[in-house]
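What follows is one structure encoded as structure tokens, with my remarks underneath.
All of these numbers come straight from a predicted model, not from anything done at the bench. So you know, we letter chains A, B, ... as the sequences are listed, proteins then strands, and number each from 1. Heavy atoms only: backbone and side chains are in, while hydrogens, waters and symmetry mates are out.
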Amino acid sequence: MPQTPGWTGLHPLHALILAFPIALFSGALVSDITYLNSAVMQWSNFSAWLITFGMVFGSIALIWTIVALFRGRRAGYRGRPVAYLALLVVMWIAGLINAFHHSRDAWGSVGTVGLILSIVSAVAALAAGWLAYSAPRREVIR
Amino acid sequence: MNLKALAALTAALALAACDDGDRGLDQTGPRPELPEPRQSLIPPMNIAWPVAWEDDKPTVPAGFTITAFATDLKIPRQLLVLPNGDVLVAEGSGGNAPRLRPKDVIAGLVKSEGKTSVESGNRVTLLRDADRDGVVDTRTVFIDDLNAPYGLALVGSNLYVANQDALLEFAYQPGQTQITTPGRVVTKLPSEINHHWTKSLAASPDGSMLYVGIGSNSNAAERGMMAEQDRAVIWEIDRITGAHRSYAEGIRNPTALAFHPETGALWAAVNERDEIGPELVPDYITAVRDGGFYGWPYAYWGSNVDTRVRPQRPDLVSRTIVPDYALGSHVATLGLAFFSGATFGPQYTNGAFVGMHGSWNRQNLAGYKVVWIPFSAGRPVGKPQDFVTDFLDENGNARGRPVGVAVDPIGNALFVADDLANIVWRVAPVARPATPLTAPTAG
């Protein structure tokens with residue numbers, strides 16, 4: 001784990017895990033939009049599962065990041081790693097609320113609020129991925 | 001960062017789940033007060049934890065006594081008293097709804113905590129108390145190998161049993177204690193998914209028609225309207241040919257049907273929808289109008305729109321009938337039996353007994369009792385009165401959950417099925433009349 005100051009980049013396994021919430025929350029946003037356009041319940045059901053598994057992998061990524069930053073706290077992380085954590089936290093909170101929101105019945109499972117939460121989770125996941133995967137290689141540590 | 005925020009969010013969620021906005025409205029009678037619908041992030045849930053009765057019993061009014069008529073049943077649901085006083089008990093549990101969402105998995109686990117762990121009996125048990133002293137003399141498996149039987153009705157020498165997927169006819173001889181010949185399928189009943197699987201049953205007073213209550217396949221159309229073909233309806237079935245038509249529609253879950261002995265009108269006990277607040281929507285009893293539309297899923301209690309359902313149907317909303325008599329939100333009315341006569345004392349001469357299974361979708365547990373609703377000229381008058389109570393103990397744990405109710409007019413007793421304790425309770429006046437009774441009417 002990090003003893004050197006600066007951005008750790010991502011462990012390959014962490015990077016793989018992060019790929020899941022990126023794909024799943026983005027997928028949930030697409031199926032939410034399809035539901036709102038069609039009122040066919042199956043699209044809302046898809047969203048509910050996508051969000052749930054987005055949360056499973058997103059939680060692992062979040063815990064990994066918190067632990068890594070905590071263990072490397074004397075290194076004085078700021079900037080990119082902190083922004084990465086913040087995006088994961090935003091993704092996670094919006095995803096948690098959205099998971100419950102999507103367990104409401106029929107139109108109430110998505111509606112305006114569900115769509116906004118899906119947008120927040122998807123954008124935060126994509127931004128977190130962008131930030132993490134664009135880390136300068138020389139700064140990479142594990 | 002933000003761990004504090006996370007802790008605050010968790011606390012807020014927990015708090016929201018505790019204060020569910022229950023204002024303690026009086027929601028009984030013909031004009032219940034209805035709050036604004038509110039959908040919460042987590043529906044308020046309070047599952048009454050099952051505990052044993054031990055040596056305790058439900059409470060009945062002064063002048064009555066209650067005894068456990070039969071125990072160790074396998075999920076007793078509806079009851080039928082035969083002309084000779086034999087009590088039939090339909091035992092079982094059905095439904096095969098697939099888990100479509102993460103919620104279905106979690107909610108199924110939570111709700112199962114409040115149910116019996118006994119397996120579905122899939123049978124009808126006969127309880128005979130020949131001398132009517134309140135003690136069962138003969139107990140037999142009357143009909144076996146059924147499929148989640150629920151509604152029972154006798155027309156002449158034909159016994160009808162509503163399985164969760166078919167209406168069956170059996171030849172019945174008075175005094176019979178067992179039927180082994182397979183039933184004739186009068187008609188198949190809608191059973192895809194079977195979210196609400198119970199098929200309630202009643203025969204018209206002239207015996208020509210059978211009425212079967214078929215519940216909806218979802219709470220509020222969350223499986224889509226394709227799944228609701230032939231659901232949330234009451235079928236009128238020609239018992240000879242099996243031909244059927246929808247007698248009433250949009251009637252979410254008609255769990256008990258009974259004909260009023262004076263007026264001959266068909267009454268239904270109906271369970272309304274969940275998850276728009278602890279005080280929505282009241283369950284009710286109503287006289288069912290031929291061709292009537294009762295709102296589900298588009299509207300409730302008249303033209304109150306359920307905004308969860310899209311596309312909306314203003315044409316159906318405007319047609320929605322206001323039911324006759326509310327019994328409270330989430331009380332889960334599952335039993336309905338009319339009674340008129342003098343044998344239960346002056347307070348109980350004309351009215352209906354209603355069994356309430358009890359709530360899960362509100363913090364303040366509601367239902368879990370049998371009430372008496374006084375009638376006059378075929379219409380309910382006044383407030384429901386508690387008749388059999390204390391199914392919950394002082395800690396809010398459930399010792400029993402009432403389902404079907406049936407009156408034995410000759411033996412002068414009310415029977416209550418309890419599908420948590422797997423008991424049939426018998427309630428009777430303490431002072432037994434010395435002279436033989438003439439049979440009052442009951443249904």
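Taking the ring centre of Trp107(A) as origin, the terminal cationic atom of Arg308(B) falls outside the region bounded by 6.0 Å and 45° from the ring axis.
Contact check on Asp105(A) versus Lys103(B) returns a salt bridge, with a Lys/Arg side-chain nitrogen under 4.0 Å from an Asp/Glu carboxylate oxygen.
Within the 4.5 angstrom heavy-atom criterion, no atom of Ser218(B) approaches chain A. Residue Ser44(A) does not touch chain B at all, counting heavy-atom pairs closer than 4.5 Å.
Closest of all the heavy-atom pairs between Met41(A) and Gly224(B) is CG-N, 3.5 Å. Closest non-hydrogen pair, His102(A) versus Arg101(B), comes out as O-NH1, 3.1 Å. Shortest non-hydrogen contact noted between Val105(B) and Trp49(A) is CG2-CH2, 4.3 Å.
Here the straight-line distance linking atom CD1 of Ile42(B) with atom CZ of Arg104(A) works out to 11.0 Å at 0.5 Å rounding. Rounding to the nearest 0.5 angstrom, the gap separating the CG atom in Asn45(A) from the CG atom in Asp104(B) is 7.5 Å.
Highest contact tally toward chain B, considering only Gly108(A), Ser103(A), Ser47(A), Ala99(A), is held by Ser103(A) [criterion: heavy-atom pairs under 4.5 Å]. In terms of heavy-atom pairs under 4.5 angstrom with chain A, the leader among Glu275(B), Arg273(B), Met226(B) is Glu275(B).
Sparse packing is recorded around CH2 of Trp43(A), with 12 or fewer heavy atoms of other residues, nucleotides or ligands lying under 6.0 Å away.
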